[in-house]
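Below is one structure, written out as structure tokens; comments come after it.
Just so we're clear, the structure is a prediction, and the values are computed from it rather than from any experiment.
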Amino acid sequence: MGSATLDVATLEKLLSAAVAAPSIHNTQPWRFRVDPDTVTLEIRAAVDRGLRHTDPAGRALHLSVGCALFNLRVAVAHFGWEPVTRLLPRPDEPDLLAAVRLGGTARAAPAPDLYDAVWRRHSSRFPFSARPLPTAVATELVEAAHSEGALLSRPEPGETDRLLDLTGQAEHRNTDDPDRAAESRRWVRAADRQELGMPTEVLGPQDSRERIPMRDFGAHRHPAVLPSRPFEKRPSIAVLSTAHDRRTDWLRAGQALEHVLLVATAHGLRASLLHQALEWPDLREQLVTRSGARCDHAQMVIRLGYGPEGPPTPRREARPAGQPAEGTRPLAR
């Protein structure tokens, strides 16, 4: 392709794709800045949107930014550029989590279904059907995680029960902890305050069979006040993990998570994230099985299946901070 330009409309499309990513409690803990001289998009942590009690180390914040980073990479490639990505590019600026420079012509044509899936992916906290995941699709999800440096494992039924039990224990702890319960309630938004947080219509019901512990964002003390429906009897669960547990691993895990979710969306799968056990160190350690000398670190528990599409969670307007790109700027392909 010859020369091309990055105009304001394209820039806003790139940012809109990035912010379509999932984030813990829909905190959207990211800020963007464009450097027009190097044609680089920076993603910084919005630490004021961090969850002090639920996510004190910022691991979930980094995963959320990693998801946004993957969407940005997909969008940049969709528009024909090579996304040249650096994680934690300047150690003296710890809030700068990633930078994506728009390089030459993309080395490989991006999968169009991934870019389309960016706009169609929504978390679904509703019951799924009993239809099993096809083996070929499950294999593709594993490969998606592996391509980003993470491992996606699908436990056997007995192990699934154990993971759901750990998630249930964590959910009870979260509800009983006054600080975490209050923090969760603060992110439930009314219909007229939908830029951040969880609007009530996306929260979904609780499992009347008490098999799948869905997060109670309202942290109700009395379960009887929550709507309930029977969820699937044999849920399909996957655990995303990494070999190490550094900030770069959290960012890679976020990219792997979003890659998995977009592939799932492209195949008509729904997904919801069971993060509760990851918020308690002793329970998080039990989410993965040690193998020999290797000990993987769990980064997310994903529930997958076929069912209703969840309603979209609102996003803040995608607008870069700092110096905007003025007019158009020629870029080498």
Gap between atom CG of Leu88 and atom CG of Asp95 - 0.5 Å precision: 10.5 Å
More than 12 heavy atoms of other groups within 6.0 Å of Glu210 CD: no
Decide whether Gln169 and Asp165 meet the rule of one side-chain donor and one side-chain acceptor closer than 3.5 Å. yes
Within 6.0 angstrom of Arg162 CZ, more than 12 heavy atoms from elsewhere: yes
Cation-pi, Phe128 ring and Arg303 (6.0 angstrom, 45 degrees): yes
In Å and rounded to the nearest 0.5 Å, what is the OG1 to CE distance from Thr27 to Met198? 10.0 Å
For the backbone of Pro94 and the side chain of Arg247, can you confirm whether one donor and one acceptor N or O come within less than 3.5 Å of each other? yes
Name the one of Arg90, Arg31, Arg101 that satisfies salt bridge (charged side-chain N to carboxylate O under 4.0 Å, His left out) with Glu42? Arg90
Rounded at 0.5 Å granularity, tell me how far CH2 in Trp280 sits from CG in Leu278. 13.0 Å
Return yes if a side-chain donor-acceptor contact under 3.5 Å exists between Ser272 and Arg125, otherwise no. no
To the nearest 0.5 Å, how far apart are CG in Leu261 and CZ in Phe70? 10.0 Å
If we only count heavy atoms from C-beta on, is the Leu196 to Arg49 side-chain gap below 4.5 Å? yes
Test item: side-chain donor near acceptor, His25 and Glu183, under 3.5 Å: no
Looking only at heavy atoms, the pair that brings Pro230 and Ser208 closest together is N-OG, 3.1 Å
Arg73 and side-chain hydrogen bond (donor to acceptor under 3.5 Å, both in side chains): which single residue from Glu82, Gln255, Glu258, His78 fits? Gln255
Is the shortest distance from a Lys or Arg side-chain nitrogen in Glu279 or Arg173 to a carboxylate oxygen in the other one below 4.0 Å? no
Distance col, row Leu273:CG vs Ile24:CD1, nearest 0.5 angstrom, shows 9.5 Å
